[in-house]
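See structure below.
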Amino acid sequence: MDRLDFYLDDNPVGFFSAEKYPTTTGWHTYNPYRGVGRLRFACILKSGEAATVWFPDGEDRRIVVMDSESLDVERPEGRWQVHIPGFPVG
């Protein structure tokens, strides 16, 4: 299975642990990468802002806003999760 990477600008932040990319709001398990994308992602969320990230959707990019609730939250079972409060329309 290919990794389900998501990006901030063109920098990878991490990859989703599911079999497919998220299509619903709520909490989604992921594995963070170590690098510029993850650092910038954490800094944005730490400032209280929302981070706009993307992942591939066929030939397009699916834009997702992850809110500050997502900041380095380790949920039960020791899994990293991000919170997607909504998907932009369009």
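None of the values given here were measured: they were computed from a predicted structure. As a basis for the values below, the full set of heavy atoms in this structure was taken, side chains included, without hydrogen atoms, waters or symmetry mates.
Under the 4.0 Å criterion applied to side-chain N and carboxylate O atoms, D10 and R61 are assigned as salt-bridge partners.
Taken from CG in L4 to NE2 in H28, the straight-line distance is 12.0 Å, to the nearest 0.5 Å. Within the model, atoms CE of M66 and CG of L8 stand 10.0 Å from one another, a figure rounded to the nearest 0.5 Å. How far OG1 of T52 is from CD1 of I44: 8.0 Å, rounded to the nearest 0.5 Å.
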Could you please spell out the steps behind the side-chain contact (heavy atoms from CB on, under 4.5 Å) verdict for V65 and I84?
CA-CA 6 Å; V65 176; I84 300 175; over 6 Å; no
Evaluate side-chain contact (heavy atoms from CB on, under 4.5 Å) for F6 paired with Y30, printing each intermediate quantity in order.
CA-CA 10 Å; F6 64 98; Y30 84 107; 3.7 Å; yes
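Within the 4.5 Å cutoff, side-chain heavy atoms of S17 are placed close to those of N31.
Residues V64 and F16 fall within the same hydrophobic cluster, defined by Ile, Leu, Val, Met, Phe, Trp and Tyr side chains chained together at heavy-atom separations under 4.5 Å.
Relative ring orientation between Y7 and W54 is described as parallel, the plane-to-plane angle staying below 30° on a 0-90° scale split at 30° and 60°.
Under a cutoff of 6.0 Å and an axis angle of 45°, R38 and Y33 do not form a cation-pi pair.
The ring of F55 has its center closer than 6.0 angstrom to the ring center of Y21.
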